[in-house]
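Order of the sequence lines sets the chain letters (A, B, ...), proteins ahead of strands, with each chain counted from 1.
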2 protein chains.
Amino acid sequence: MFSKACEHGIRAMIYIATQSTAGRRVKLGDIARHSGSPEAFTAKVLGALSKAGLLESLKGPAGGFGIDNAAKISLKSIVQAIDGDRLFKGCALGLLECDASKPCPMHHKFGAMRDGLNDMLESTHLEELATGLKSGASFLLR
Amino acid sequence: MFSKACEHGIRAMIYIATQSTAGRRVKLGDIARHSGSPEAFTAKVLGALSKAGLLESLKGPAGGFGIDNAAKISLKSIVQAIDGDRLFKGCALGLLECDASKPCPMHHKFGAMRDGLNDMLESTHLEELATGLKSGASFLLR
DNA sequence: TTAATTTAGGATAATTTTGTCCGAAATAAA
DNA sequence: TTTATTTCGGACAAAATTATCCTAAATTAA
Ligand code: SF4
Ligand code: SF4
């Protein structure tokens, strides 16, 4: 469904969100450890998210990563920043274009599914996921 | 969403289904041409589907591939034969197990989505897709 | 200014997925 | 039996994804 890069990115973002109160920064090492991702690869993914404006980063001692507005960051914006639009725009059967006027055989059935996925990712924000994690209702490592 | 192998496989199966009346066989070359897939790779995928019992194959002249019971073959059985269970059982965030008693932060939101996908793939059968394609309501090439 | 810390980014490596090639095996017809 | 046709299967190649490594740049504090 999502690429590994995207899975790493989402887990990292959720963890960062749990730690980002009052402009606090988290270091890459902590993020990797708490989200169960390889450190160097996580750095790459965070770079992309940072460039997309979903994440603040600061170099040097007392530097690290932080999220200002977890309530405003949707899962969709994260997925889009890492995996692009393929999940939202691409054809289920891999046809070059997804065109309702010349639909592939799965067009109708798949469209509903994809809209559901889209809505879910658009309406889910980092804050609620981070809250669940902080409260112990959900987990990032296993 | 689906792997390339799976996309090729589904397209091939739909085309074969359109041609499989009265035990008629279709040759690999025709399948590849009409489903827009590379021939040799398609052979690999069809091999897997054949081994999974979703497809009859016969060697030699007048041989080829055919589908007996398109009405009984669900999309899910095809996806499962090629991509395995990852889409149905794997964790959205890549955690090793998907366990409702120790859920990942996306568990609830994602579960609904995945159930929807599962139902759609289970309830969609080759026959209806082939019918749409034969009637000109949908297309395989673009 | 110097040293320590931490992200940024490019080069490289490993792995997985995708795709190709070719000979062997099966089948049917001549 | 011989020949032509077609799938089968393994080896191989290419490309994409995932992951690591190392140096540079920025920042802070001593
Ligand atoms: S099924 Fe239709 S809408 Fe869905 S990807 Fe294919 S062409 Fe696009
Ligand atoms: S969100 Fe829950 S159900 Fe979905 S994959 Fe993760 S652990 Fe499994």
Side-chain angles (χ1 to χ4, degrees), chain A residues 1-13 16 19-20 23-33 35-67 79 81-84 86-87 90 93-94, chain B residues 1-13 16 19-20 23-33 35-67 79 81-84 86-87 90 93-94:
Chain A
M1 176 80 71
F2 307 118
S3 68
K4 287 288 173 196
C6 199
E7 291 176 356
H8 293 324
I10 296 173
R11 292 203 309 275
M13 289 292 278
I16 297 169
Q19 304 297 311
S20 288
R24 186 166 158 223
R25 310 278 167 163
V26 207
K27 280 177 291 186
L28 176 62
D30 288 334
I31 297 168
R33 199 163 335 106
S35 65
S37 298
E39 185 168 320
F41 194 27
T42 301
K44 282 283 144 66
V45 176
L46 292 184
L49 292 169
S50 175
K51 199 145 59 180
L54 302 176
L55 187 61
E56 326 304 316
S57 78
L58 196 67
K59 291 178 184 175
F65 296 89
I67 291 173
V79 173
I82 301 172
D83 281 352
R86 92 183 150 74
L87 202 52
L93 295 189
Chain B
M1 175 83 68
F2 307 118
S3 69
K4 287 289 173 195
C6 200
E7 292 176 357
H8 294 322
I10 296 173
R11 291 203 310 274
M13 289 292 277
I16 297 169
Q19 305 298 310
S20 289
R24 185 166 158 224
R25 309 279 166 162
V26 207
K27 281 177 292 186
L28 176 62
D30 288 335
I31 298 168
R33 199 163 336 107
S35 66
S37 297
E39 186 168 320
F41 195 27
T42 302
K44 283 281 144 65
V45 176
L46 292 185
L49 292 169
S50 175
K51 198 146 58 180
L54 302 177
L55 187 60
E56 325 305 316
S57 78
L58 195 67
K59 292 179 185 174
F65 297 89
I67 292 173
V79 173
I82 302 173
D83 281 351
R86 94 184 148 74
L87 202 50
L93 294 189

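Applying the side-chain hydrogen bond (donor to acceptor under 3.5 Å, both in side chains) test to A:Ser20 and every residue at least two apart in sequence or in another chain returns nothing. Every residue two or more places apart in sequence or in another chain that forms a salt bridge (Lys or Arg N to Asp or Glu O under 4.0 Å) with B:Lys4 is listed here: B:Glu7. A:Phe2 is linked by a ring-ring contact (aromatic ring centres under 6.0 Å, His included) to nothing, counting only residues two or more places apart in sequence or in another chain. Under the salt bridge (Lys or Arg N to Asp or Glu O under 4.0 Å) criterion, A:Arg33 pairs with A:Asp30, sequence neighbours left out. Applying the side-chain hydrogen bond (donor to acceptor under 3.5 Å, both in side chains) test to A:Thr42 and every residue at least two apart in sequence or in another chain returns nothing. With sequence neighbours excluded, the residues that form a side-chain hydrogen bond (donor to acceptor under 3.5 Å, both in side chains) with A:Ser3 are A:Asp83.
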Donor-acceptor pairs are to be reported for all side-chain atoms of residues 45-59 of chain A against protein atoms at under 3.5 Å, with residues two or more places apart or in another chain.
none

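Between B:Leu46 atom CG and D:dG9 atom P there is a gap of 13 Å when expressed in whole angstrom units. Rounding to whole angstrom units, CG of residue A:Leu28 and C1' of C:dA8 are separated by 11 Å.
Every pair passing ring-ring contact (aromatic ring centres under 6.0 Å, His included) that includes a residue from residues 35-57 of chain B is listed here, sequence neighbours excluded: B:His8-B:Phe41.
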Under 4.0 Å protein heavy-atom contact, by nucleotide of nucleotides 9-23 of chain C - B base, S sugar-phosphate only: -BB------SBB---
Using a 4.0 Å heavy-atom cut-off, write out nucleotides 23-29 of chain D from 5' to 3' as B (base contacted by protein), S (sugar-phosphate only) or - (no contact). --BBBB-
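Taking five base pairs at each end of the helix from C:dT1-D:dA30 to C:dA30-D:dT1 and finding the rotation axis that steps the C1' atoms of four pairs onto the next four gives two axes whose angle is 0°, to the nearest 10°.
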Report all interatomic pairs (protein N or O, nucleotide N or O of nucleotides 14-16 of chain D) with separations under 3.5 Å.
none

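At a threshold of 4.0 angstrom between heavy atoms, the contacts of B:Gly29 with the nucleic acid are absent.
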